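Just so you know, these numbers come straight off a predicted model, no measurement behind them.
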Amino acid sequence: MTGKVVLVTGANSGLGLESTRLLAERGAAVVMACRDMKKAEEALQKIRRHTQNGQLIPMELDLADFDSIKSFARHFKEQFSRLDVLMNNAGVVYPVEAHKRTAQNYEIHFGVNHLGHFMLTGLLLDRLQTGTSSRIVIVASGLYKNGRFDLAHIANGDNLKQEGYLNPAYANSKLCNVLFGRRLARLLEGSGVHVYSCCPGWVYTGLSRHSRLSWLKMIPALPIMFLFMRTVGQGVQTQLNCAISEDLEKESGHMYVDCKRAQYAPVAQDERAMDSLWDLSAQLTGVRFHTTELERAQSED
């Protein structure tokens, strides 16, 4: 990865931090896109205790605010003429009952996990297309299979009710990730930009730190967690494989689990949902994916 420019969202913790470390070890220049710059600097120092390879460039990005995403994209383009790998890794989980919203008043899971990355990807597409080959890695989750695409409510989350361990808003946002990846790969076919969606498995990270589940509810799940929960080092392997493996050089638009291609669940093969989500996302963010220089020039005019 020496000489490659990589952008990792949510690079200060969990899977993002480990991805950043492993990519830097391989010589990449890694832009650490983080909401909290103090935590980003702490993460940088932690990585530097393990390796002096590569470059680490912290940059402020709040995926819950369109203005922050636009500002980030502008500053990124001022510093970098190309982008070799965009790893859409960051994600949030909040109890549905908390009614968390983004700065533009969208349901927090839909707004951050999907819309924020949709907007970021669209704004940086020209940098991804600069080289002959680049990659977009979308970190989804196997919980996308439990998602339900409801166009009338998905942005507002007003028909959601959390029951048991499963957060329906999070599952819906992960379904959006997968539908976005499939539609994006189709759009970019033949462009040299390859798209990979992946599931890291059940990983012990800080993603569920805002969960309000009581210990009484958690105790029955502990044996299952002990048997099946992965370390961050184990969980990160699939997204790292999607970012660097030469074996995947010619592939695009697929889902990967345990570093192997996996079949999409039926819910992710809904063509109407895929197109409807794309149109809604473009409408809400105001971002159009211009795949040619002519399209970009026309949009600027």
Side-chain angles (χ1 to χ4, degrees), residues 4 6-9 15 19 82-91 110 113-147 149 171-201 236-282 285 287-292 295:
K4 301 283 189 179
V6 182
L7 193 167
V8 179
T9 64
L15 296 170
S19 295
R82 76 174 201 280
L83 177 58
D84 298 291
V85 179
L86 170 59
M87 186 175 287
N88 289 336
N89 164 83
F110 176 75
N113 299 350
H114 169 64
L115 275 188
H117 282 124
F118 178 96
M119 186 176 197
L120 178 68
T121 304
L123 293 176
L124 296 181
L125 188 60
D126 58 338
R127 292 298 188 264
L128 285 158
Q129 292 179 302
T130 298
T132 57
S133 180
S134 60
R135 304 186 183 199
I136 300 169
V137 180
I138 299 171
V139 182
S141 165
L143 290 176
Y144 85 87
K145 299 173 185 178
N146 299 101
F149 187 77
N172 287 350
S173 73
K174 294 292 105 177
L175 174 59
C176 288
N177 288 162
V178 174
L179 293 171
F180 170 50
R182 291 196 65 218
R183 182 65 169 77
L184 182 61
R186 183 177 300 177
L187 177 72
L188 297 175
E189 186 175 358
S191 70
V193 182
H194 306 283
V195 183
Y196 311 85
S197 296
C198 63
C199 170
V236 81
Q237 295 305 314
T238 300
Q239 64 199 68
L240 187 70
N241 188 60
C242 289
I244 69 177
S245 174
E246 295 179 357
D247 293 338
L248 305 185
E249 185 67 35
K250 302 300 182 182
E251 297 187 15
S252 186
H254 302 294
M255 166 67 76
Y256 297 85
V257 179
D258 294 331
C259 297
K260 299 176 183 178
R261 191 194 297 186
Q263 287 291 113
Y264 283 112
V267 70
Q269 299 181 40
D270 186 333
E271 298 287 324
R272 182 177 297 179
M274 185 170 65
D275 291 337
S276 297
L277 176 65
W278 184 276
D279 293 341
L280 175 64
S281 303
T285 62
V287 172
R288 300 295 185 269
F289 282 66
H290 304 297
T291 58
T292 67
E295 289 177 346

Checklist entry - For S134 and L83, what are the C-alpha separation, side-chain angles and deciding distance, and is it a side-chain contact (heavy atoms from CB on, under 4.5 Å)? => result CA-CA 7 Å; S134 60; L83 177 58; over 6 Å; no

Next on the checklist: Under the criterion side-chain contact (heavy atoms from CB on, under 4.5 Å), I'd like the reasoning laid out for H194 against L248: C-alpha separation, chi angles, the key distance, then a yes or no.
Outcome noted: CA-CA 9 Å; H194 306 283; L248 305 185; over 6 Å; no

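Between the side chain of T238 and the main chain of C259, a donor-acceptor pair closer than 3.5 Å is present. Looking only at distances, a side-chain donor or acceptor of R135 sits under 3.5 Å from a matching main-chain atom of C242.
Within a 6.0 Å radius of CD in E271, other residues, nucleotides and ligands contribute more than 12 heavy atoms.
Under the 4.5 Å side-chain criterion, counting only non-hydrogen atoms from C-beta, R182 is not in contact with M255. Taking the side chain as every heavy atom from C-beta outward, L15 and Q239 approach each other to under 4.5 Å. Contact annotation: the side chain of N177 never approaches that of Y144 to less than 4.5 Å [non-hydrogen atoms, C-beta and beyond]. No side-chain heavy atom of P200 sits less than 4.5 Å from a side-chain heavy atom of V236. For the pair L125/L188, a side-chain contact is recorded, criterion being any heavy-atom separation below 4.5 Å from C-beta on. Put simply, the side chain of I244 does not reach to within 4.5 Å of the side chain of K4, judged on heavy atoms.
Considering CZ of R183 and OG of S281, their distance stands at 10.5 Å, rounded to 0.5 Å. To the nearest 0.5 angstrom, S197 atom OG is 9.5 Å from Y256 atom OH. Interatomic distance, L175 CG to D270 CG, rounded to the nearest 0.5 Å: 9.0 Å. Separating the CG atom in D126 from the CZ atom in R82 is a distance of 14.0 Å, to the nearest 0.5 Å. In this structure, the separation between CD1 on I136 and CG on L184 is 4.5 Å, given to the nearest 0.5 Å. Atom-to-atom distance recorded for N89:CG and I138:CD1 is 12.0 Å, nearest 0.5 angstrom.
Taking each heavy atom of C198 and V137 in turn, the nearest pair found is SG-CG1, 4.1 Å. When all heavy atoms of Y264 and Q269 are compared, the closest pair comes out as O-NE2, 2.7 Å. The two residues A282 and R288 make their nearest non-hydrogen contact at O-NH1, 2.9 Å. The minimum heavy-atom distance linking N113 with A90 is given by the pair OD1-O, 4.4 Å. Scanning all heavy atoms of the two residues, the minimum distance from S191 to Q129 falls at CB-NE2, 4.3 Å. Nearest approach of K174 to V139, heavy atoms of both residues: NZ-O, 3.1 Å.
Ring centroid separation for the pair F110 and F118 does not come in under the 6.0 Å cut-off.
Side-chain contact of E249 with S133: a donor-acceptor pair under 3.5 Å is present, judged by distance alone.
Ring-plane geometry between W278 and F289 is classed as tilted, the angle between the planes lying from 30 to 60 degrees on a 0 to 90 degree scale.
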